[in-house]
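Here is the structure we will look at.
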Amino acid sequence: MSKHQTFLRQTEPVPNQGFYITDQAQEAMDGPVDGTKLIRRLKTELLDALKGDPEFLLQHCHASGILSNNEYNNIKDLNMRSEQVRDILDYVIHKDNKHALNFLKLLKTQDMQEAFPKLEFLQKLQINKRKTTKNTETAAKRRQEILENEPQHNNNSRMVSEREMMLVAGYIGNSWREVGIMALGMNTTTLHQIEEDNSLHRMRVFTMLRKWSIREREKATAARLHSLITQEEYGVDTLKLNFLLENN
């Protein structure tokens with residue numbers, strides 16, 4: 001029996017992985033997750049699953065804002081792959097819960113699942129932020145605003161305009177890569193190209209939003225863009241984006 005299994009109740013085996021989901025991880029699937037604790041518990045499995053291409057993981061973590069420039073450079077200078085993966089996990093574990101949860105969400109994206117097949121077990125995890133009074137009040141306030149305005153935008157399926165995307169771009173700050181990857185499903189290659197092609201921050205964000213709208217076609221509605229950007233805390237003042245819910 002492995003050291004990982006000594007403190008586990010063997011619940012449900014993960015196909016072709018050779019280990020079991022922990023009781024704590026299983027519990028996290030059904031409720032709010034403490035991301036740092038969960039990553040610490042799964043560290044052995046993550047080290048094994050991510051060792052194939054740490055450079056790919058490093059680039060995604062940096063592009064999504066999970067790792068700072070200094071952390072990125074420190075890890076990039078390491079020669080051994082195992083050390084790179086170890087340090088990425090250690091950096092994330094010592095960050096706040098938001099960064100840890102974003103890291104777990106990143107590992108569940110299609111790009112990561114294809115690059116690291118052993119991460120399949122993470123698909124069972126329901127990554128939810130731990131509720132706080134502030135989050136609860138903000139969510140309740142937003143739901144109330146939507147209910148109050150429902151007659152006006154209940155059937156709001158109008159396409160988002162370029163003018164609106166430019167306005168939205170002005171409200172998204174340094175977390176734009178995180179918004180692109182986590183909310184809009186963009187890949188890091190596209191974001192790097194956008195960054196190289198545009199020197200102004202606002203134009204980078206606008207270009208990202210426009211690429212999203214072109215990809216989504218008829219699904220690129222103003223209301224959907226609002227929902228995607230405001231569903232998590234990306235440092236964006238959500239009240240300033242309410243114009244997306246108006247019928248023009």
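Every heavy atom of this structure was used, including side-chain atoms; hydrogens, water molecules and symmetry mates were not.
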Determine, stepwise, if the pair Phe56 / His60 fulfils ring-ring contact (aromatic ring centres under 6.0 Å, His included). CA-CA 6 Å; Phe56 184 77; His60 275 70; 4.3 Å; yes
Check: Glu120 side chain, Gln113 main-chain N or O, donor-acceptor pair, under 3.5 Å: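 Answer holds: no.
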Between Asp87 and Ile75, is there a donor-acceptor pair closer than 3.5 Å when you use the side chain of the first and the backbone of the second?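 Absent.
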Contacts of type side chain to side chain donor-acceptor pair (under 3.5 Å), residue [X], not counting sequence neighbours:
{"X": "Ser213", "answer": "none"}
{"X": "Lys95", "answer": "Glu71"}
{"X": "Thr109", "answer": "none"}
{"X": "Asn74", "answer": "Tyr91"}

Do any pairs count as a side chain to side chain donor-acceptor pair (under 3.5 Å) and have a residue in residues 197-206, sequence neighbours left out, and if so which ones?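 Found Gln193-Asp197.
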Tell me every residue that passes side chain to side chain contact (heavy atoms under 4.5 Å, CB included) with Arg217, counting only those two or more places apart in sequence or in another chain. none
By side chain to side chain contact (heavy atoms under 4.5 Å, CB included) - contacts of Arg81 (at least two apart):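 With sequence neighbours excluded, Arg81 shows a side chain to side chain contact (heavy atoms under 4.5 Å, CB included) to Pro54, given in chain and number order.
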Side-chain heavy-atom pair Leu47, Ser82 within 4.5 angstrom cut-off: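 They are not in contact (no side-chain heavy atoms under 4.5 Å apart), so the answer is no.
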Would you please name every residue forming a salt bridge (Lys or Arg N to Asp or Glu O under 4.0 Å) with [X], sequence neighbours left out?
{"X": "Lys76", "value": "Glu55"}
{"X": "Arg224", "value": "Glu216"}
{"X": "Lys51", "value": "Asp48"}
{"X": "Asp90", "value": "Lys43"}

With a cut-off of 6.0 Å (strictly less than), are more than 12 heavy atoms of other residues, nucleotides or ligands near CZ of Arg210?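 Counting neighbours around CZ of Arg210, 12 or fewer heavy atoms of other residues, nucleotides or ligands fall under 6.0 Å, so no.
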Is it the case that one hydrophobic cluster holds both Leu191 and Ile214, taking links as side-chain heavy atoms less than 4.5 Å apart, direct or via other members?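 Looking at the clustering, Ile214 is in a separate group from Leu191.
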Roughly how far apart are Phe103 CZ and Thr36 OG1, rounded to 0.5 Å?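 Between Phe103 CZ and Thr36 OG1, I get 12.5 Å after rounding to 0.5 Å.
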Taking atom types as modelled and ignoring hydrogens, do the side chains of Asn242 and His226 form a donor-acceptor contact shorter than 3.5 angstrom?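 Per modelled atom types, Asn242 and His226 side chains form a pair under 3.5 Å.
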List, one per line, each side-chain donor-acceptor pair under 3.5 Å for residues 172-181, sequence neighbours excluded.
{"unit_1": "Ser175", "atom_1": "OG", "unit_2": "Tyr234", "atom_2": "O", "d": "2.6"}
{"unit_1": "Arg177", "atom_1": "NH2", "unit_2": "Glu195", "atom_2": "OE1", "d": "3.4"}
{"unit_1": "Arg177", "atom_1": "NH2", "unit_2": "Glu195", "atom_2": "OE2", "d": "2.6"}
{"unit_1": "Glu178", "atom_1": "OE2", "unit_2": "Asn102", "atom_2": "ND2", "d": "2.4"}

